[in-house]
Novice: 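Below is one structure. I have some questions about it.
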Amino acid sequence: MKKMHVTGIVLGACLVISGAVPATAHTTAEHHKGQDATVTAGKKAPKQWKGYGVTVKRDSLGLITVDGKPAAQEEVTEKATAYQQGLFTVIFYKSGKVALMNQGQFVGYLK
């Protein structure tokens with residue numbers, strides 16, 4: 001008889017605990033819903049810079065191309081991020097400027 005009573009208490013406790021799970025799951029879903037909005041807002045709109053006979057594009061995923069060829073991320077600092085494609089190095093400064101280098105020589109800023 002005691003075994004059945006203990007089993008009933010354990011089952012009752014399980015029901016109480018399982019009843020609380022959907023509320024927690026709902027809270028978690030709301031939390032992730034807010035994160036989804038942040039991730040969507042974090043995507044950058046496609047941009048294009050031209051100058052010195054070169055076209056540099058950043059697509060909506062953040063991928064960089066130089067004259068249609070993908071560039072590899074070379075260096076990240078506090079002030080800038082550099083990408084390289086062939087002989088070209090493109091530097092994206094946090095201030096918004098985009099510099100072009102050819103074989104290590106500064107060419108100029110793209111617009």
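Residues take their numbers from the sequence shown, with the count starting at 1.
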Novice: May I ask you to test the Lys57-Trp49 pair for a side-chain heavy-atom distance under 4.5 Å?
Specialist: no
Novice: Over all heavy atoms of both residues, which pair between Gly51 and Leu110 is shortest? Give the atoms and the distance, please.
Specialist: O-CD2, 3.5 Å
Novice: Hydrophobic cluster membership, with links at side-chain heavy-atom distances under 4.5 Å among I/L/V/M/F/W/Y: are Leu63 and Val54 in one?
Specialist: no
Novice: Answer yes or no: is there a donor N or O on one side and an acceptor on the other, between the side chain of Asp67 and the main chain of Thr55, under 3.5 Å?
Specialist: yes
Novice: With rounding to the nearest 0.5 Å, note down the distance linking OG1 in Thr89 to CD in Gln84.
Specialist: 4.0 Å
Novice: Under a single-linkage definition using a 4.5 Å side-chain heavy-atom cutoff for Ile, Leu, Val, Met, Phe, Trp and Tyr, are Met101 and Ile64 assigned to the same hydrophobic cluster?
Specialist: no
Novice: Show the nearest heavy-atom pair for residues Pro46 and Ser60, with the distance to one decimal.
Specialist: CG-N, 4.2 Å
Novice: I need the Asp59 CG to Thr65 OG1 distance, nearest 0.5 Å.
Specialist: 7.5 Å
Novice: Roughly how far, to the nearest 0.5 Å, is the CG atom of Leu100 from the CZ atom of Phe88?
Specialist: 6.0 Å
Novice: Minimum heavy-atom separation for Thr77 to Lys94, with atom names?
Specialist: O-CE, 4.2 Å
Novice: Verify the cluster assignment for Tyr93 and Tyr83: are they in a single hydrophobic cluster under the rule of side-chain heavy atoms below 4.5 Å apart?
Specialist: no
Novice: Starting at CD of Gln48, measure out to NZ of Lys111 and round the result to the nearest 0.5 Å.
Specialist: 15.5 Å
Novice: Is any side-chain heavy atom of Val90 closer than 4.5 Å to a side-chain heavy atom of Val66?
Specialist: yes
Novice: So does Glu75 get a backbone contact from the side chain of Gln73, meaning a donor-acceptor N/O pair under 3.5 Å?
Specialist: no
Novice: Among the clusters formed by ILVMFWY side chains lying less than 4.5 Å apart, do Val56 and Tyr109 turn up in the same one?
Specialist: no
